[in-house]
Amino acid sequence: MSPSTGTIITVAPTGAEHAKADVPNLPVTLEELVSTAQDCERVGAAMIHVHIRGAEAQPTLDLARLKDTVAALREQTNLIVQLSTGGAVTDPESDRLRVLDALPDSASCTMGTVNFGDDVFHNRWEFIVELHQRMRERGIVPEYEIFDLGQLASLHRLLDKHGLPAGGHVHVDLVMGVPGGMPGDTETLVAALRMIPPGATFSATGIGRTSLPVMLASLSAGGHLRVGMEDTITYARGERVRDNAQLVARAAGLAKISQRPPMPADVVREVLGVKGEKGLADVAV
Ligand code: KMH
Ligand code: ZN
């Protein structure tokens, strides 16, 4: 199954923005995260994009917790484990860089600063380069997160100046519909495609009510999908999401209808150049 005949489905189950008090079904403990991951894997997810929570369900980048999370997800699922280096908008760069010491299979790498609702999500050029280089050293496969079109120009600049990432393959995730970033609509997705590096794969996710239009646009353009409660907590107008597996199941159904069924995790590992745990065992941090 090649990327053109199958769909990579990534689930982003938690994020750093929703409060557990407002969204009681948000997975925040390790047990909840693993159970969500297993449910999502069963219905078609191949990769999980992970933000963890700590005391009182607040976002944290605590290294020991991150290592435990990677170990538990590897032990209890076959999903590709991607840690967020984006964290929360308040997280310092040093903590975000330290995430890589948990040696996940993959990690996110946002390609520029963007207004993020009422906040600012800071991603300086030197910080991006540092993330890219440390991931190369550790054999961690990046997913380049794109919140606005200019960030694709920055991705070209990064690859031109600093070379291909670990695994040798470029995978991009278009995060659309963030207030302050690019809109979540078909026209913008098509505009982004012109700037995706040759040979790269891309997925897309639409925040909030842009979830469905972005999903359909991405499938029709040969792209892959990210879904999950990090990005939307509304399933349909006036209807809250039941759980992450509900979102993955809908994505998997649409992928099947599109004749590009969900790709199993081991196939996705090959596509993205993820070596897995054994490939990382010798890497000293
Ligand atoms: N939580 C956002 C500030 C990522 O995970 O890399 C950043 C984010 C992107 O979610
Ligand atoms: Zn994230």
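For ligands, and for the atoms within them, numbers begin at 1 and follow the listed sequence. Nothing here was measured: the structure is a model prediction, and the numbers come from that model.
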Chemist: Go through ligand 1 atom by atom and flag the ones less than 4.0 Å from a non-hydrogen atom of Glu17.
Modeler: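 Once the distances to Glu17 are compared, the set is 1 (N), 2 (C), 3 (C).
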Chemist: Do His224 and Thr201 have side-chain N/O donor and acceptor atoms under 3.5 Å apart?
Modeler: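 Their side chains do not contain a donor-acceptor pair, so the 3.5 Å distance test is not met.
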Chemist: So which atom in Glu145 and which in Gln151 form the shortest heavy-atom distance, rounded to 0.1 Å?
Modeler: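 Closest heavy-atom pair between Glu145 and Gln151: O-OE1, 3.6 Å.
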Chemist: Have Thr36 and Asp39 got a donor and an acceptor in their side chains that come within less than 3.5 Å?
Modeler: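 No, Asp39 and Thr36 have no side-chain donor paired with an acceptor closer than 3.5 Å.
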Chemist: Heavy atom to atom 7 (C) of ligand 1, shortest distance: which of Phe116, Phe121, Tyr144 holds it?
Modeler: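 It is Phe121 that holds the nearest heavy atom.
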Chemist: State plainly whether one hydrophobic cluster holds both Val99 and Ile140, where clusters connect Ile, Leu, Val, Met, Phe, Trp and Tyr through side-chain heavy atoms under 4.5 angstrom apart.
Modeler: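 No: no chain of side-chain contacts under 4.5 Å links Val99 to Ile140.
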Chemist: Mark up the atoms of ligand 1 that fall under 4.0 Å of a heavy atom belonging to His51, in ascending order.
Modeler: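 Those atoms are 1 (N), 5 (O), 10 (O).
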Chemist: Mark yes or no: Arg96 above the aromatic ring of Phe127, with NZ or CZ under 6.0 Å from the six-membered ring centre and no more than 45 degrees from the axis.
Modeler: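 No, Arg96 does not sit over the ring of Phe127.
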Chemist: For Glu230, counting its heavy atoms only, list the atoms of ligand 1 lying under 4.0 Å from any of them.
Modeler: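 It comes down to these atoms of ligand 1: 10 (O).
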Chemist: Write the atom name of the N, O or S atom in Glu230 that is nearest the Zn ion (ligand 2).
Modeler: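 Minimum-distance N/O/S atom of Glu230 relative to the Zn ion (ligand 2) is OE2.
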Chemist: Measuring from atom 1 (N) of ligand 1, which candidate in Gly117, Gly87, Ala107 has the nearest non-hydrogen atom?
Modeler: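 Answer by nearest heavy atom: Gly87.
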Chemist: Should the heavy atoms of other residues, nucleotides or ligands under 6.0 Å from CD of Glu56 be counted, would the total exceed 12?
Modeler: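 No - once you tally the heavy atoms of other residues, nucleotides and ligands closer than 6.0 Å, there are 12 at most.
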Chemist: Closer than 4.0 Å to some heavy atom of Gly86 - which atoms of ligand 1 meet that?
Modeler: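 Listed by number with element, the hits are 4 (C), 6 (O).
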Chemist: With heavy-atom distances below 4.0 Å as the criterion, list the atoms of ligand 1 near Ser84.
Modeler: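 Matching atoms, with element in brackets: 4 (C), 5 (O), 6 (O).
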Chemist: Can an N or O of Ser108 be found at a distance shorter than 3.5 Å from an N or O of ligand 1?
Modeler: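 Yes; the residue has a nitrogen or oxygen that sits under 3.5 Å from a nitrogen or oxygen of the ligand.
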Chemist: Classify the ring geometry of Phe147 against Phe121: parallel below 30°, tilted from 30° to 60°, perpendicular beyond 60°.
Modeler: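 Geometry flag for Phe121 against Phe147: perpendicular rings.
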